[in-house]
Amino acid sequence: MLKFALPFAALLFTTALPAVAHDYKAGDLTITHPSIPAPAENAKVAGGYMTIENTGTAEDKLLSAASGIGMTQVHLSSVDANGMATMTEQPEVAIPAGQTVAFEKGGLHIMFMDIKAPVKEGDKVPVTLTFEKAGPVTVEFQVEASKGGDAHGTDHSAHGTTTQP
Ligand SMILES: [Cu+2]
């Protein structure tokens with residue numbers, strides 16, 4: 001009996017790993033570590049980050065993001081020719097075949113605005129990401145300790161236009 005018990009235990013350990021890694025699969029896509037750096041208390045905005053890997057042979061596209069905490073959009077941060085940081089809503093984000101697209105500070109992000117209830121460290125925020133091919137997938141963004149200086153923790157009222165650095 002012991003002979004069988006050991007491989008079984010090993011199997012349990014192996015299958016437990018994806019939960020620790022906090023990732024999600026939808027068709028050919030793997031969405032890894034969706035997270036939100038905890039915004040300042042009573043902040044009305046927050047940014048969400050993750051990576052999306054496409055292991056398939058065809059491009060997919062992220063078409064939208066939706067959550068219950070407030071208005072939710074897909075944004076791209078960039079710095080314009082005058083050195084001003086701007087953000088623009090992205091109607092779609094290509095996830096090319098065989099590539100990984102990072103949503104990270106200073107680049108692509110999920111933008112939460114007009115947040116209705118406080119978002120605190122330890123919270124899990126369900127967000128439904130809708131892809132052209134993989135369809136809708138709901139993932140939980142973990143609210144984590146902010147490592148300081150997240151642009152979304154400050155006033156963001158001029159969103160969509162030029163913002164202060
Ligand atoms: Cu934004």
Side-chain angles (χ1 to χ4, degrees), residues 21-54 59-97 99-165:
H22 182 217
D23 60 9
Y24 300 84
K25 291 212 187 304
D28 291 327
L29 304 179
T30 302
I31 299 149
T32 301
H33 196 59
S35 61
I36 299 171
E41 215 179 321
N42 298 320
K44 293 290 173 223
V45 297
Y49 307 102
M50 63 187 157
T51 59
I52 304 175
E53 181 183 11
N54 183 353
E59 179 182 278
D60 206 341
K61 291 188 178 90
L62 175 62
L63 301 179
S64 67
S67 79
I69 64 167
M71 188 170 34
T72 306
Q73 296 179 347
V74 180
H75 278 190
L76 175 64
S77 294
S78 55
V79 177
D80 70 14
N82 299 319
M84 296 296 282
T86 63
M87 299 195 187
T88 46
E89 186 179 3
Q90 305 294 295
E92 58 181 48
V93 174
I95 316 293
Q99 291 190 34
T100 300
V101 175
F103 286 64
E104 57 195 359
K105 205 172 139 186
L108 288 162
H109 55 278
I110 305 300
M111 189 82 208
F112 304 96
M113 289 169 285
D114 298 326
I115 293 174
K116 296 170 197 131
V119 173
K120 304 180 302 297
E121 187 180 340
D123 289 352
K124 290 188 167 79
V125 178
V127 177
T128 300
L129 304 170
T130 300
F131 296 93
E132 187 177 74
K133 293 193 176 66
V137 54
T138 299
V139 305
E140 283 188 326
F141 277 68
Q142 287 184 347
V143 182
E144 301 183 338
S146 185
K147 290 174 196 86
D150 182 22
H152 291 98
T154 56
D155 179 56
H156 215 270
S157 53
H159 208 86
T161 59
T162 301
T163 56
Q164 309 309 312

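Just follow the structure's listing: the first ligand is 1, and inside any ligand the first atom is 1.
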Using distance alone, with no hydrogens and no angle criterion, decide if Thr51 and Thr100 have a side-chain donor and acceptor under 3.5 Å apart. no

Measure the acute angle between the ring planes of His109 and Tyr49, then classify it against the limits of 30° and 60° as parallel, tilted or perpendicular. tilted

Angle, NE2 of His109 through the Cu ion (ligand 1) to SD of Met87 - 10° precision: 100°

Under 2.8 Å from the Cu ion (ligand 1) - does any N, O or S atom of Met113 fall there? no

For His75, what is the atom name of its N, O or S atom nearest to the Cu ion (ligand 1)? ND1

Using 0.5 Å steps for rounding, measure from the CG atom of Leu129 to the OG atom of Ser67. 10.0 Å

Looking only at heavy atoms, what is the nearest atom pair of Met87 and Met111, with distance? SD-SD, 4.1 Å

